[in-house]
Each structure stands twice: as structure tokens, then as C-alpha cells.
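Taking it in order: structure first as C-alpha cells, then the write-up.
Just so you know, these numbers use all the heavy atoms, side chains as well, and skip hydrogens, waters and symmetry mates. Remember, it's a predicted structure, so these values are computed and weren't measured experimentally.
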Amino acid sequence: MGLTNKFFLEIPMKKRFFFGWIFNYCFMFILIFFPQKTISAELPSMIQNDSLQVNMVNLTVDKFIDTYFFTGNSNLFLKTKFGTFNIDQKYRSAALMMSNKAIRDDETFCFDYLYPISGNFYLTARQNFLWSADRRAIGINKTQDIYNTAGIRYDFLPNSFIDLKAGYENNNQIGVKAGGAYYMLGCRITDLNVEEFKLNSYMSGNYAKLSDNRMNSDLDFRTSIARQYDFFNNIELKFRYRQLGRDLLLPPWILGGVNPIELRNENGVSGEVNTNFKISDFASELKLSFDNTTKTRSFNSSLEQASLTKIQTNLNNLQIGVAGQVKYEYGKFEEILGAGFYSVTEENRIGKKFQISKDDEDLVRNQENQKDYNYTRALAFSKSRFCPGSFDTIILNHTSEILQYDTPSSRNSDDRDEFLSSTQIRYSHRFSSILLGSLTFEALFMHLVYLKSQMSSANSWNRVLKFAPQIFVETESVKFHPSFEVLANYRIYDYDSLSSGVDLTSLRQISYRDTITISLYKKFNLQSTIIVRYFENGILYWRTFSESPQNSNFEQFTRLMLLWDKSDGTQIAAGCRYFNIRQALMVGNATGKIKYHGISVGPEVLIKIFFKSGSSVVFQGWYEFQNPGKPDYRNVPNFSLQTNFRL
């Protein structure tokens, strides 16, 4: 019996926005009005460099049809005679306002404080708040976590420190409250010179022991050592170790009425070697990488109705990558050749933790073993650029890939090989200072082969051909960039003649895109965007290379705006947009019958204001009259508002 059927229970939730909560911390913002003293040279930075700190409040509101998005982010970095304060707050909400409202809120708030006490020693404090609520979820749909810590920080070398804190955490998950001691460790070494090598290291960790016998821990250690010989020759080595431990409180079971605790542990080791070097006219890049991650999951107690609570699952994931390229330049010719190999191996094993029957153990083991896989990807590519004359450019790009996905389990039929080949040829010519033209041809071929007979009927070739001419015209008063495209996409099954009900498919498309800008009086411009697309879906007969069209689609989008553009970055535009879509049948007696016809038309405005202080306001809105004049019409307002206030 699986876990998911039992522990997801609905929990009533009262929506709580971050605005009400954040007023509890309004005393922090009073610090803005304190007189600031001159920045002392011995006062250390926070986690980031002082010069990178920007005091900013960002608010955005987006609405598209029935979906709303809201974000509210702020960052305040302040130095006063009372110490250094840093506030980092992020909030995001998403709402689908239909008959069954779906609302998701996420909030994080972090307050850091730093005060010099003696020499290179500083008093530090941190308060962190995490809150998440989702009305769509079942069971785990509300989480709240807050901790307060204080400690000592010691600075050494430029921009390097070690920070120790301790405090208390309050945790509220699925309606169960718990608290306990909380410990934090932070350390950073920045740009330490060791025998002409530059060393950077960072470590952070935390540990919490909660009152309901749960423990949470994190440890992240990263280090890199690099040497820059010159612009073209350098080497860098990176290493990372990460540990994650979580005791998750799950909702009560339908049978038993207990809250099981799931124990999750993750350990990972990864590394990279990056090097660039140049020999004569050849510049080379080489990258080696690996990542080995192990994950274990188990429960603190067993439940008779759930076999997974009686065993421990062990996952091991190993990833290896090798990639490199060589660049050669000679006169007007440039060539880049590269290759790469990537491998991923995942193994899933189980171990007995509590008493379990042989049949249940074998069932769980077979389920876990079906997740095992080996994935390899090998690729080679070339990028060529040639300028035969002052006004001509030829570009030729090609990529070939082979992907192999193998599963050791005989119960898994997903074993497959994929071959992909992509070629692009582009020729461009500048006719004059105002006229540039280009021709692009692209061909993409992909062959999918399932290695086991259960899935072999899906073996297929996918062939995509595209031809796209473009023109760029730019004068002082007129600019337009028309682009045409002819595209064909064919899917051919390997065993179509042996399988009933399997049809080869085709898609043929013609499209036109253009942006036009006409300069009018002084700073007034007339801008237009045009997109027209027509495509047909049909059944393909590969042996005779003939088609039987099934349906057609026509789409047209046009926007016309009058724009006032000031030199300081302020833009105000007003106009209208029009969208038309028509779908029709192309089969037998139904040829030409309209399946769907929709029209949307309405006004549109755009306002962009940029202030010298770095603040900005951007608003875009349009009002849609959908299917005007028809019984099923409706009016839909849409808008996007983005504000950035630099403090």
C-alpha cells in the first residue's frame, strides 16, 4: 500500500499577507531616520561587498485574463552609529480567480545586524521568517518558520570572516508547533593569494533540534583555486560538499491518527576543472565536472498499512561531464570545433528498517529498481564564419548528438536511443548603409528508437526544414525588419505499415513578422508590430510523399502605437491591438467548415518612467473586447505594473 493515498488531508487555512506581519517589525525602518555617520574603514561589510549593496523596493502586479501575480521585494542596507542593518524581504503571490479560487503565497524576511565591539570582533544578530501557504494543496499546504539568533563575528584578511550564532527556532507545520535550539556557522575567505594562485572558500551551516524529536541540519562548503596567467591562459579548480538533513512531519494517517516523521538525508560531492589556453592561433577551452549525490529516506516508526515506512530507500546519482572546444582565426575566417560527453547513472536500493513480510519487501524493491537508469549524451559541433568580402558574411553551424537511455530493470520499457542532427546555413549581405538582407536555411533531423518491443511502435523520425529570408532597413526616419519563414515538420514512424491506427503527421507553415518604426514630429514615433501565421496539419504518406490536410489555422496579430520618447528614458505610448484566429476543417465534405473563429480588439497604453535616482515605473495595459458583436463576447482587462524605488 503506497504512502500518498493516506497522509494528504485537507487543513483549513486562514490567508495571511506579509503586509500585516511586517508591521511587527516597523521599528527596524525607524532606523532610516537616524543620522548616519561617516563609514569607518574598519567596519566590515555584510555578506556582500558594500559597493554592491543597493537599497531598493520592488513591487509588481500582473494580470492576464483570470490570473494575478504580485511580488513585493525590498532590500535595505544601512550603516549608522548604532551598527549596520540589512533587511532582505521577498514576497510572491499567485491567484487564479475562477469559480474555485486557487491562491499561493510565499514570504521570506531576513534581518541582519552587525555592531563593532572590539578590534575585529563584532556582535551579530539575525532574524529569519519563512511562510508559505497554498489553497490548492492537500495536506501540507501551510508552513511557517521563524528563528532568532545572536553571536560573534571575527574578521580577518580583506573581506574574510567567521561568524558563529545561536538562538531559538519556532516551527509550525500542518498545524503542529515545535521549537528548539538553533545554531549557525558562516565562514568566507576571499581572494587569498597562495603561491600565485587565488583561493576563495565559503562555508555555511545550521542545526536545529526541535521539541518533537525532529532535527534539521544543513552544511554547504565550497572552495575554488584559480590562476590567471594572461587573458588567454588560466586554470580554475572548484570543489563543493553539501549535506542536508530534514525530519519532515507528515499529516496524520487515516488509520492510527499519528503524525509520522520522515527522515531525509542528502550528501553530495562535486567538482570542476576549467582551463583556457592558447597555442599560436588556436584558443582552447576544456571543462571536466563530476557530481555524486546520495539520498536516504526512512521513517521513525512503522505503520502496518504502509510498506514504505518499514524500509529505508537509498539513492545514488553520479554525473560526469567532459566538454571542450578549439577556436581558430585566420584573416576573415573563424572556426570553432567542439565536443562533449555527459553521463548520469542512478541506482535505487532499499534496506529493511522494521519488520516487513518477504512479499511486501520484494514489491517495494521492484518498484525502486524500476527507477534505475543510465543516461549518456555525446555531441560534436562546429561553428564556421567566413567573410568573403566587406559586405558578405557566411555562417555554417552544425551539431550532432547521440543520446542513450538504458534501464537495468526488465520491467521498465523506456530504453531508447536518440540521434539528433542540426544544421544552419546563413548568408547575409549589406547592400548599403541602410539596407541589410539575409537568407537562413535550417534542417533538424531526430531519430527516436525504443529498444524494447513493447514501445517499438513509437520509433520515429522527426524532420524539420525551415527557410527564412530577412530584410533590415534603417534610416533616420523609417525602420522596418520584415521576416518571412517557410517551415515543414514531418513525423514518420518506422513501422507505420505494420501498425494499425498509426498515422504519419505533417505540419506546413508560412509566417510573416515585421516591426515598423516611423519618426514623426520631434520625439514622436509611430510603431507597429505585425505577425501573420498560417499552418496546416495533415496526414503524410511517406512512400508517395503526399499529404491529406486535416485542419488549418490562421492567426493575425497587429499592434499600432503612437510613442512619445524623451531623452531621459521616459516613454508614453497609446494605441490599439488586434488579434484574429480562425480554425477550419479540410476533410471531405467538411472542407472549409469553421471550427473556431475568435477576434480580440482593444486599446493599449504603455508608460515607462526612469528617474535619475535609479527608480523606475513601467505600466502596460490593454483592454480586450473578445468576439465583439457576438452573443458569446466578453471584456477582459490585462495589465502589468512594475515599480522600482531606490532608497
Side-chain angles (χ1 to χ4, degrees), residues 230-233 276-287 323-340 379-401 419-446 462-490 507-519 525-535 557 565:
D230 53 47
F231 183 79
F232 298 102
N233 296 276
N276 298 339
F277 56 92
K278 186 174 183 180
I279 302 176
S280 184
D281 295 326
F282 295 89
S284 303
E285 297 180 12
L286 179 64
K287 179 179 180 179
Q325 68 177 37
V326 177
K327 181 178 179 179
Y328 174 75
E329 294 184 62
Y330 180 77
K332 298 181 179 181
F333 178 76
E334 177 183 292
E335 177 68 27
I336 298 177
L337 297 174
L379 65 90
F381 65 89
S382 68
K383 300 179 180 180
S384 305
R385 182 185 181 93
F386 178 56
C387 301
S390 302
F391 305 103
D392 300 282
T393 302
I394 300 174
I395 296 177
L396 174 61
N397 298 329
H398 179 77
T399 301
S400 293
E401 297 184 17
F419 169 75
L420 185 144
S421 176
S422 175
T423 302
Q424 180 192 71
I425 303 174
R426 174 177 296 175
Y427 170 73
S428 60
H429 177 78
R430 178 166 290 280
F431 297 92
S432 65
S433 59
I434 65 171
L435 179 60
L436 174 68
S438 69
L439 298 174
T440 303
F441 174 78
E442 295 183 21
L444 173 68
F445 302 98
M446 188 182 74
N462 193 33
R463 296 176 170 89
V464 181
L465 303 175
K466 183 171 71 173
F467 176 68
Q470 289 180 296
I471 299 174
F472 299 88
V473 178
E474 295 189 0
T475 67
E476 293 183 358
S477 57
V478 178
K479 298 178 182 178
F480 61 94
H481 304 152
S483 173
F484 304 87
E485 180 183 280
V486 179
L487 181 144
N489 186 350
Y490 303 105
L507 180 144
R508 297 178 297 174
Q509 174 180 291
I510 300 176
S511 63
Y512 166 76
R513 299 170 180 264
D514 198 358
T515 56
I516 304 173
T517 303
I518 301 176
S519 299
N525 298 321
L526 190 64
Q527 292 187 348
S528 175
T529 301
I530 302 173
I531 301 175
V532 180
R533 185 169 73 124
Y534 176 81
F535 62 92
F557 174 78
D565 192 351

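Counting heavy atoms from C-beta outward, His481 and Gln470 have side chains that stay 4.5 Å or more apart. When side chains are defined from C-beta on, Leu396 counts as touching Thr423, because their heavy atoms get closer than 4.5 Å.
Note that CZ of Phe557 is 6.5 Å distant from OG1 of Thr529, once rounded to the nearest 0.5 Å. Distance check: Phe484 CZ to Leu439 CG gives 12.0 Å after rounding to the nearest 0.5 Å. Note that OH of Tyr490 is 12.0 Å distant from CG of Asn462, once rounded to the nearest 0.5 Å. The CZ atom of Arg430 lies 11.5 Å from the CG atom of Asp392; values are rounded to the nearest 0.5 Å. With rounding to the nearest 0.5 angstrom, the CG atom of Asn525 is 13.5 Å from the CD1 atom of Ile516. With rounding to the nearest 0.5 Å, the separation of OG in Ser477 from CD1 in Ile518 is 8.5 Å.
When all heavy atoms are compared, the tightest approach of Phe472 to Ser438 is CE1-OG, 4.4 Å. Nearest heavy-atom pair across Gln527 and Thr517 is CG-OG1, 3.9 Å. Nearest heavy atoms, Leu487 versus Lys466: CD1-CD, 4.0 Å.
Asn276 meets the side chain to side chain donor-acceptor pair (under 3.5 Å) test with no other residue; sequence neighbours excluded. Applying the side chain to side chain contact (heavy atoms under 4.5 Å, CB included) test to Ser284 and every residue at least two apart in sequence or in another chain returns Phe277, Val326. Applying the side chain to side chain donor-acceptor pair (under 3.5 Å) rule to Thr515 yields no partners; only residues at least two apart in sequence or on another chain are considered. In this view, Phe467 satisfies the ring pair (Phe, Tyr, Trp, His ring centres under 6.0 Å) rule with no residue, not counting sequence neighbours. For Thr440, the side chain to side chain donor-acceptor pair (under 3.5 Å) partners two or more places apart in sequence, or in a different chain, are Arg426. Every residue meeting the ring pair (Phe, Tyr, Trp, His ring centres under 6.0 Å) condition with Phe282, not counting sequence neighbours, appears here in chain and number order: Tyr328. With sequence neighbours excluded, no residue forms a ring pair (Phe, Tyr, Trp, His ring centres under 6.0 Å) with Phe386. In this structure, Tyr534 has no ring pair (Phe, Tyr, Trp, His ring centres under 6.0 Å) partners at least two apart in sequence or on a different chain. Residues meeting the side chain to side chain donor-acceptor pair (under 3.5 Å) test with Gln424, sequence neighbours left out: Asn397, Glu442. For the side chain to side chain contact (heavy atoms under 4.5 Å, CB included) test, residues two or more places apart in sequence or in another chain that qualify with Ala443 are Phe441, Phe445, Leu465.
Atom CZ of Arg463 has more than 12 heavy atoms from other residues, nucleotides or ligands within 6.0 Å. Counting heavy-atom neighbours within 6.0 Å of Arg533 CZ, excluding the residue itself, gives a total above 12.
Using bins of under 30°, 30° to 60° and over 60° for the plane-to-plane angle, the ring pair Tyr427/His429 lands in the parallel bin.
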Could you tabulate the donor-acceptor pairs under 3.5 Å formed by side-chain atoms of residues 332-340, not counting sequence neighbours?
from, atom 1, to, atom 2, distance (Å)
Glu335, OE1, Ser384, OG, 2.3
Glu335, OE2, Ser384, OG, 3.4

Check the pair Leu420, Leu444 against side chain to side chain contact (heavy atoms under 4.5 Å, CB included), reporting the backbone distance first and the verdict last.
CA-CA 7 Å; Leu420 185 144; Leu444 173 68; 3.9 Å; yes

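Among residues at least two apart or in separate chains, there is no salt bridge (charged side-chain N to carboxylate O under 4.0 Å, His left out) pair with a member in residues 473-484.
Classification of Lys327 and Glu329 as a salt-bridged pair holds, one side-chain N sitting under 4.0 Å from a carboxylate O.
At a cut-off of 3.5 Å, with distance as the only test, a side-chain donor of Ser400 or His398 sits close to an acceptor on the other residue.
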